[in-house]
Structure formats: C-alpha cells, structure tokens
Chemist: 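Let me give you the structure first, and then I'll get to my questions.
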Amino acid sequence: MVARLAKRIYLYVIFVFLYAPIVVLVVYSFNESKSRGHWGGFTLKWYLELFKDTEISRALYNTLMIAILSAIIATIIGTAAAIGIHDMKRVKKAIVMNLTYLPVLNPDIVTGVSLMLLFVFSKAVTQIGLGFFTMLLAHITFNIPYVILSVLPKLKQLNKYVYEAALDLGATPLYALWKVVIPEILPGIFTGFLLAFTLSIDDFVISFFTTGSGVSNLSIYVYSMARRGVNPKINALSTIMFLTVLILLLIVNKRMSKDNSNAKEGLK
Amino acid sequence: MKKTWYSYPYLVWMAIFIVVPFLLLLFYSFTASTDQGIVFTLDHVKRLWDPIYLMVLLRSINLALICTIICLIVGYPVSLILASKEYSSNKVLALLFVIPMWINFLLRTYAWMTLLEKDGLVYTILEFLHIPNTQLLYTDQAVVLGMVYNFLPFMVLPIYSVLTKMDKHIIEAAEDLGANYITVLRRIIIPLSLPGVISGITMVFMPAVTTFIISRLLGGGHYILVGNLIEQQFMVVGDWNFGSAISFVLMVVILISMGIMRKYDKEYEGGAIW
C-alpha cells in the first residue's frame, strides 16, 4: 500500500517537473505585469503585440512555407526512394539505408555546419546566397529519411503478388504502381508527411546555420530574442507554438496507432 | 519488375546534400590555404589538444555525464513504475511522457529562463521562504537542470519500451522460487533492461554533449561548451577550418559510439539495420 502511494507520488512529482515550466510559461503569457514575479491581471496584449509585429509575421510565413514545401517535396522524393529501396538487393539496400540513417544519427550541429559549408562553397557557381532557399533545401534533406522510414514498413506489409497480378492483367508498371501500390501505402506516406512537417516547424539548429541575414523562422526569432533575456511576447509566441505542436502530435499519434492496429488485424 | 530506379532522385539528392557536405567538412578540417595554395595539414585537429579547447571538451563531457547519470537515476524508477502492473495498461501516461519530447527545444529551455531569472517564480518562492539565494540563472546548475529537463524523456522511453516487452513469466517464476522484489530487480529486471538503458544513455548523452542552445540560454554568454565553440568558430570568429575540425572530431566520436551501441542493441533486438 505504501509502495503504491510512493509510486504514485513519484510519478506526480516527475510530471510536475516536466509540465510546470510549460504551464507557467503559458500562464504568464496572459500576465499584464512585465515582471514575472507578480501577477498583474489577465491580458491579451502580448498576443496583440505579437500579431502587430511584422518581423514575427514574416518569420511565421517563412516557417510555414518551408514546412509545407519541404514536407511535400520530401514526401515525394522519400516515397519514390522507399519504393526503390524496397526492391534493392541486400548489399545495395544496406549501404543506402546506412547512408539514410546518417543524417538521423549525426548531431544536428554537424549536419547544419556541413550544409552551410556546401551552400557557401557553391555560391560561386549557383549564385544562391544563404537565405530562404538554402534553408528549404536543408529542411528537405533532413526530412527525407523520416519519410523513407515511415513508408518502408508499409511496403514490407504489402502483398507483392497484387502488384504482379495487376501487371499480368495488362496494367503498365506506372498504372499498377498508382492504382495498387500507392493506395496501400498511403497511410505511411501521410504519416511521413506529417512527421516531416512537424520536424520542419520544430527545427532550430539546422535552420540557424543554413539561413542568411534577414531571413529567420520562428525558432531563430525566439532564440535571438531569448538571448537578450525574458520577454512576455516570446511567452505568447511559445504558447501558440506549443499548442500547434500538441495538436499535430495528437493527430500523428492517433494515425500511427490506427495504422498499427490495422496492420495487426491484417496479420490475423 | 524492378522499381529500383525510383530511388535515383533520392540518391542524387543524397549525394549532393549529404555526401558532398561531408567531404567539404573533411576538406576544411585537413587543409589550410597558404601562399603556396591549399595544403594538407593536421594543425586544426591538433589545435583541439590546446589546453583551452581541451578544457571546453572536458567540461562538455563532464556536464553531459552528470546529466546522463541524473537522468538514469531519476528516469529508471519512472520507467519501472510506468511499466508496472498498475500502470502498464495506461497508454495516456506514456503519451504524457512523449509530449514534452516534441515541444520545441528552445521553448523548453526558454521556459526555465522565465522560471529561474531574477524576479522569476522560483526566485520569488525562495525569497518568500527566506531561503538565501544568489544567482540561479547562468550557472552550471542551471545548465545541468536544463539538460535533464530536456533529455529525461529520452532516457525513460527506451527503458520503458524494453520493460513492457519483457516476458512477465520470468518474474513470476523467480517469485515462485522465493526471490524477493530486490532480488528480482537485481537479478532479472535490471539485466534484461540493459539494452534500453544503453540506448537511453546514448540518446541523452549525445545531444547533451553537442547542445549549444541550453548552455547559451541558461549558462549565459560566457558559458562555453563544444557546441558553442563550433557555433562561435563559424558565426563569430570565422575560422571555418578549425570549426570544421571540431565538428569532424565530434561526428567521428559520436558515430563510432552509436555504432558500438547499435551493435550491442542488435544482439537483443535482432532486426536493426546496422
């Protein structure tokens, strides 16, 4: 009985430790007083100031555009890659998969720095300076592996004879792929897309190194402001970002568990 | 009917954006531009052995180790409790542990800034209780606290997942044979959960060593870890050769240890790709 109570208390303490800072942050985003030791009354003024700030709205635009574009492009390239990798011979597959894991395992800071080197180095030829476009390329690069890793398991579950049957019945390979394979792996593709989108919104380190002066996304903006100290406007911004990620996460989680239960039923 | 060519765009992309940057990093690490053009040199890597930089490296490893140990001590019981009979059916609890992992790193760190700053909540509470306190923010302790806060879920989840997959009959058998809880824990649960512990240690230690955000925001400007050093070399000093050399060494160390950890993991899990 005592052990049970101790367990419960321990869990509660840990949960308080994990969630209290975030709750405090959210609560203080509604605080009238700028000093955080005191409660000066409920206000929405930080949110209003947030929406008036043109720099923030530009950062928001960059964040969303890059998240959408990089997720779409990474999903297309990644899904095609997964279909290809699935058909590869053992050795070749192992090499490609190890390379795919490299950006996943590599510290973010090293990936960011090496991409920065590439973009600066290639500027002489391509005339593309560090900025929106390079940040987009970087995001696509770190998103593709996650799409591949969410599509591959679906391909493994796929019955390959269905595709062959479609070919025997006279479908062209492309038509069979479109009508037979893609619909079957669609849940995996969609999960990969959402994962890529979330990761892109969430990224700071790689964006930090691959963007140029003047172009920032939300996390870079938060970082440059937080470096100067605490600011209630960041609290408001953080609250909005927190809620967005939370909602996205719940959707992804629901999808993944649904995918898994479907897969289990398929096995029965 | 092989569809391998579908992966060609990806292979090209990977060559340009993963392989080439890696070669560039290698190139910058081992060359220097002199009057005679670009020459091969080991100077940048050797410079890391300079006491100043060695200290930075040691401090990063030291803080990351402390953070890993705290996470293990605090996190292991959490995994045990979450995986125990009373709670194992409760998926929501596990999800509650995942959510903080997905909240932006910066926001989580920033949240502690608001708590620890002068006039912040913790400060006010301490003052109210008449506990003498000087500086909370911009200290070693604040950096370790930020790391533990950020990385604790990375320790809990791998251990939790190993514990839930464990065959419960072994524990029951041990209990039938007269083992008490401590013996079961020491002889069965802990040895069987080692793969989870190892991946937990990897997942906490690696990001803790390379972070530059936590040390910058909670440690203040003067606080330098390896991550800050790399950032400074690229963004402030502009010494790309040295910056690349540090990144390269860091990457090699981390990938090798990851490789070893994964090998160890594979013996238990079977299906890993490495």
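Per chain, numbering begins at 1; letters A, B, ... match sequence-line order. All values reported here derive from a predicted model rather than from experimental measurement.
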Chemist: Given a strict heavy-atom distance threshold of 4.5 Å, which part of B/M113 is in contact with chain A: side chain, backbone, both, or neither?
Modeler: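 Contact with chain A is through both the backbone and side chain of B/M113.
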Chemist: Rounded to the nearest 0.5 Å, what's the gap from OG1 on A/T239 to CG on A/L237? Could you check?
Modeler: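 Interatomic distance, A/T239 OG1 to A/L237 CG, rounded to 0.5 Å: 8.5 Å.
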Chemist: Would you mind checking which part of B/T109 comes under 4.5 Å of any heavy atom in chain A, side chain (CB onward), backbone (N, CA, C, O), both or neither?
Modeler: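 For B/T109, no heavy atom lies under 4.5 Å from chain A.
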Chemist: Does any backbone or side-chain atom of B/L217 lie under 4.5 Å from a heavy atom of chain A? Answer side chain, backbone, both or neither.
Modeler: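 Only the side chain of B/L217 comes within 4.5 Å of chain A.
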Chemist: With a 4.5 angstrom heavy-atom cut-off, is it the side chain or the backbone of B/Y28 that approaches chain A, or both, or neither?
Modeler: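 Contact with chain A involves the side chain of B/Y28 alone.
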Chemist: Between A/F119 and chain B, with a heavy-atom cut-off of 4.5 Å, which part of the residue counts as in contact: side chain, backbone, both or neither?
Modeler: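 A/F119 touches chain B through side-chain heavy atoms alone.
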Chemist: Which bit of A/V26 comes within less than 4.5 Å of chain B, counting heavy atoms only: side chain, backbone, both or neither?
Modeler: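 For A/V26, neither part sits under 4.5 Å from chain B.
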Chemist: Using non-hydrogen atoms only, which part of A/F121 is less than 4.5 Å away from chain B: side chain, backbone, both, or neither?
Modeler: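 The side chain, not the backbone.
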Chemist: Please tabulate, for the side chains in residues 9-24 of chain A, all donor-acceptor contacts under 3.5 angstrom to protein atoms that are two or more places apart in sequence or on a different chain.
Modeler:
| unit_1 | atom_1 | unit_2 | atom_2 | d |
| --- | --- | --- | --- | --- |
| A/Y10 | OH | B/V74 | O | 2.7 |
| A/Y19 | OH | B/L96 | O | 2.6 |

Chemist: By a 4.5 Å heavy-atom criterion (distance strictly below it), what part of B/T211 contacts chain A: side chain, backbone, both, or neither?
Modeler: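 For B/T211, neither part sits under 4.5 Å from chain A.
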Chemist: Side chain, backbone, both or neither: which part of B/I254 has an atom under 4.5 Å from a heavy atom of chain A?
Modeler: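 Contact with chain A involves the side chain of B/I254 alone.
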Chemist: With a 4.5 angstrom heavy-atom cut-off, could you sort out which part of A/L199 is near chain B: side chain, backbone, both or neither?
Modeler: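 Only the side chain of A/L199 comes within 4.5 Å of chain B.
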Chemist: Which answer fits A/I144, side chain, backbone, both or neither, if we ask what part of it has an atom under 4.5 Å from a heavy atom of chain B?
Modeler: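 For A/I144, the side chain is the part near chain B, not the backbone.
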Chemist: Side-chain donor-acceptor pairs under 3.5 Å in residues 103-111 of chain A, sequence neighbours left out?
Modeler:
| unit_1 | atom_1 | unit_2 | atom_2 | d |
| --- | --- | --- | --- | --- |
| A/T111 | OG1 | A/P107 | O | 3.4 |

Chemist: Please state whether the side chain, the backbone, both or neither of B/P77 comes within less than 4.5 Å of a heavy atom of chain A.
Modeler: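 Contact with chain A: backbone and side chain both.
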Chemist: Stepwise, does the side-chain hydrogen bond (donor to acceptor under 3.5 Å, both in side chains) test hold for B/H44 with B/S29?
Modeler: CA-CA 6 Å; B/H44 310 302; B/S29 306; over 6 Å; no
Chemist: Where on A/T198 is there a heavy atom nearer than 4.5 Å to chain B: the side chain, the backbone, both, or neither?
Modeler: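 Only the side chain of A/T198 comes within 4.5 Å of chain B.
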Chemist: Give a yes or no on whether the ring-centroid distance for A/Y221 and A/F204 is below 6.0 angstrom.
Modeler: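 No, too far apart.
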Chemist: Given B/F151 and B/F205, is the ring pair (Phe, Tyr, Trp, His ring centres under 6.0 Å) satisfied, shown in steps?
Modeler: CA-CA 9 Å; B/F151 305 130; B/F205 185 75; over 10 Å; no
Chemist: Checking heavy atoms, do the side chain of B/I246, its backbone, both or neither come under 4.5 Å from chain A?
Modeler: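 Neither the backbone nor the side chain of B/I246 comes within 4.5 Å of chain A.
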